[in-house]
Amino acid sequence: MTTDVYRLHTLKTIDDLPHMTDVVGAAFGEELTAEQIEKERLVFEPTRAHVVDHDEDGTVAHAGAYTRDVTVPGATVPAAHVTGVGVRPTHRRRGLLTRLMVHQLREVRERGEPIALLWASEGRIYQRFGYGLAALCHSFTADRREIRLAGPDGAPVGRLRDATPEQVRKELQQVYERVRAERPGWSSRDDSWWSWRLHDAPGRRHGYTERRAVLCDGPDGVDGYALWRRKGEWTDTGPKGEVEVVELVAATPAAYRALWDFLFAVDLTRTVSYRFAAADEPLRYLVNEPRALGEKASDSLWVRVVDVPAALSARRYAAPVDLALEVSDNLIAENTGRWRLTGDADGAVCAPTTDAADLACDVADLGALYLGGTGLGTLAAAGRVRELRAGAVTAAAAAFGWRRQPSALDIF
């Protein structure tokens with residue numbers, strides 16, 4: 001009888017990237033192409049890539065993270081963007097994932113990042129580690145022949161310009177940063193992340209053209225842009241092309257309307273698709289037939305509160321709040337306890353308290369609430385948040401919301 005020997009450690013250099021890509025490919029049942037690996041090299045952080053090595057089989061598990069900020073209600077906070085989590089099929093059910101995730105959470109806390117966030121391959125996996133569903137992602141697959149944008153036609157909105165994304169990269173960055181400040185769930189993008197975002201390998205286009213950028217110039221400069229591409233198709237009855245909207249960012253309602261006007265009017269196309277719409281996407285209120293958008297919803301960002309007082313103090317609140325919370329966390333003992341949160345739209349403080357608790361919840365429920373997209377009343381109705389003082393849910397519900405629903409434009 002032999003005993004498996006496993007060693008957890010952190011990678012060192014960019015040359016260690018294959019340790020990650022090999023494990024992730026095996027865990028997800030796919031072979032990463034050279035183009036995918038080239039793209040990953042742009043943002044890979046080896047010193048945040050935790051792996052488990054087997055004495056005979058080499059690297060068998062991985063959990064990594066990217067160092068980025070994320071917009072939260074009224075503020076921006078550093079957040080571990082967790083990625084590439086997987087275990088080789090031959091080494092499952094041995095506690096390796098738990099070992100990695102607990103180690104990672106401790107590392108995130110030590111770095112001073114109050115939250116971690118991820119896109120989940122399966123939600124049931126990450127709820128075990130204290131992640132809560134914080135944002136939804138809506139997708140549209142619209143038959144543009146059945147849709148007309150409501151409102152007056154031909155209203156002056158400025159000039160639309162066509163370019164390759166790299167030609168107007170600086171302008172894209174400026175608009176994105178202008179809008180990101182108000183959009184919970186949007187992540188920071190340094191030059192490496194812009195290179196990652198604009199990476200457009202031919203082998204990954206799936207029959208579509210290269211990406212294009214269309215910019216909307218307003219009175220004082222660029223007010224919005226869309227990254228898009230198209231696929232040509234013909235049938236016996238004529239053209240049946242598709243427009244794929246990769247990303248749309250608009251700082252004004254006029255720019256938003258102008259960009260969608262353009263995308264719904266591309267010649268020889270019949271379908272317009274967009275994968276990263278927000279739960280409160282304005283488009284559904286611009287069209288004359290919302291059903292024709294072919295809308296579907298799924299989960300996007302899952303948030304893990306790693307440091308309760310730091311996280312709750314960092315964000316802002318849509319209404320005044322003064323609340324004693326009883327929090328449980330079975331992985332980070334420092335989070336378990338009673339905390340008093342006081343705050344409003346201008347600032348917040350969260351500190352230990354001995355006062356009687358108004359509400360009780362698990363740390364995953366704080367994650368679900370954190371970006372302002374999940375209602376406190378909804379969690380209470382699900383039995384996730386327990387009301388210990390009559391009226392506490394009603395009094396605090398408005399505070400945890402925000403004027404825009406959270407969304408995310410990058411799957412990382």
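All values reported here derive from a predicted model rather than from experimental measurement. If you read the sequence from its start, that first residue is 1, and numbering goes on from there.
Evaluated for a ring pair (Phe, Tyr, Trp, His ring centres under 6.0 Å) with Trp228, the options Phe262, Tyr208, Trp260 yield exactly one hit, Phe262. Considering Val349, Leu312, Asp358 in turn, Leu312 is the only one that fulfils the side-chain contact (heavy atoms from CB on, under 4.5 Å) rule with Leu341.
Under the 3.5 Å distance criterion, the side-chain polar atoms of Asn335 are matched with a main-chain donor or acceptor of Val308. Tyr225 places no side-chain N or O within 3.5 Å of a backbone atom of Val168 that could act as its donor or acceptor partner. Side chain of Glu326 to main chain of Cys361: no donor-acceptor pair is present (N/O by atom type, distance under 3.5 Å, no hydrogens or angles). In this structure, the side chain of Arg48 does not engage the main chain of Phe44 through any donor-acceptor pair within 3.5 Å. Looking at Arg68, its side chain does come within 3.5 Å of a backbone N or O of Ser188 through a donor-acceptor pair. Side-chain atoms of Glu289 come within 3.5 Å of backbone N or O of Arg291 as a donor-acceptor pair. A donor-acceptor contact shorter than 3.5 Å links the side chain of Glu387 to the backbone of Ala392. Formation of a donor-acceptor pair under 3.5 Å by the Asp280 side chain with backbone atoms of Arg404 is not found in this model. Judged by distance alone, the side chain of Ser300 and the main-chain N or O of Ala408 form no donor-acceptor pair under 3.5 Å. Thr71 contributes a side-chain N or O that, together with a main-chain N or O of Arg180, makes up a donor-acceptor pair within less than 3.5 Å.
More than 12 heavy atoms of other shown residues, nucleotides or ligands fall within 6.0 angstrom of atom CZ in Arg389. Atom CZ of Arg99 sits in a crowded spot, with more than 12 heavy atoms from other residues, nucleotides or ligands closer than 6.0 Å.
Taking the six-membered ring where the residue is Trp, Trp193 and Tyr66 present perpendicular rings, their angle passing 60° and hence far from 30°.
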Q: Start with the C-alpha gap between Thr269 and Arg230, add the side-chain angles, then the distance that decides, and say whether side-chain hydrogen bond (donor to acceptor under 3.5 Å, both in side chains) holds.
A: CA-CA 8 Å; Thr269 63; Arg230 64 188 293 181; 5.6 Å; no
Q. Leu32 and Glu30: side-chain contact (heavy atoms from CB on, under 4.5 Å), yes or no, with the steps?
A. CA-CA 6 Å; Leu32 274 67; Glu30 59 184 55; 4.1 Å; yes
Q: Might you work through the side-chain hydrogen bond (donor to acceptor under 3.5 Å, both in side chains) test for Arg169 and Ser195, ending with a clear yes or no?
A: CA-CA 9 Å; Arg169 177 170 171 154; Ser195 295; 3.1 Å; yes
Q) Stepwise, does the side-chain contact (heavy atoms from CB on, under 4.5 Å) test hold for Arg229 with Arg205? A) CA-CA 9 Å; Arg229 53 189 177 184; Arg205 292 176 187 164; 3.8 Å; yes
Q) Does the salt bridge (charged side-chain N to carboxylate O under 4.0 Å, His left out) test come out yes or no for Arg270 and Asp143, once each step is laid out? A) CA-CA 6 Å; Arg270 297 293 180 262; Asp143 183 341; over 6 Å; no
Q: For the pair Glu35 and Lys39, evaluate salt bridge (charged side-chain N to carboxylate O under 4.0 Å, His left out) and give the outcome as yes or no after the intermediate values.
A: CA-CA 6 Å; Glu35 291 172 332; Lys39 182 178 180 180; over 6 Å; no
Q: Could you please spell out the steps behind the ring pair (Phe, Tyr, Trp, His ring centres under 6.0 Å) verdict for His91 and His54?
A: CA-CA 9 Å; His91 290 267; His54 182 261; 4.9 Å; yes
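Note on Arg316 versus Asp344: no salt bridge recorded, every NZ/NE/NH1/NH2 to OD/OE distance being 4.0 Å or above. Ion pairing of Glu244 with Arg275 is absent here, as no side-chain N (NZ or NE/NH1/NH2) approaches a carboxylate O to less than 4.0 Å. Glu247 and Arg197 are joined by a salt bridge, as a carboxylate oxygen and a charged side-chain nitrogen come within less than 4.0 angstrom of each other.
Taken from CG in Leu409 to CZ in Arg183, the straight-line distance is 7.5 Å, to the nearest 0.5 Å.
When ring centroids are compared, Tyr317 and Trp402 stay outside the 6.0 Å threshold. Here the two rings, on Trp196 and Phe412, have centers that are 6.0 Å apart or farther.
In this structure, a donor-acceptor pair under 3.5 Å is absent between the side chains of His138 and Tyr274. With hydrogens and angles left out, the side-chain atoms of Ser407 and Trp186 include a donor and acceptor closer than 3.5 Å. Side-chain N/O atoms of Thr67 and Glu45 include a donor and acceptor closer than 3.5 Å. There is no side-chain donor-acceptor pair under 3.5 Å between Glu171 and Tyr176. Between the side chains of Tyr6 and Arg94, at least one donor N or O lies within less than 3.5 Å of an accepting N or O. Between Thr59 and Asp53, the side chains place a donor N or O and an acceptor N or O closer than 3.5 Å (distance only, hydrogens not considered).
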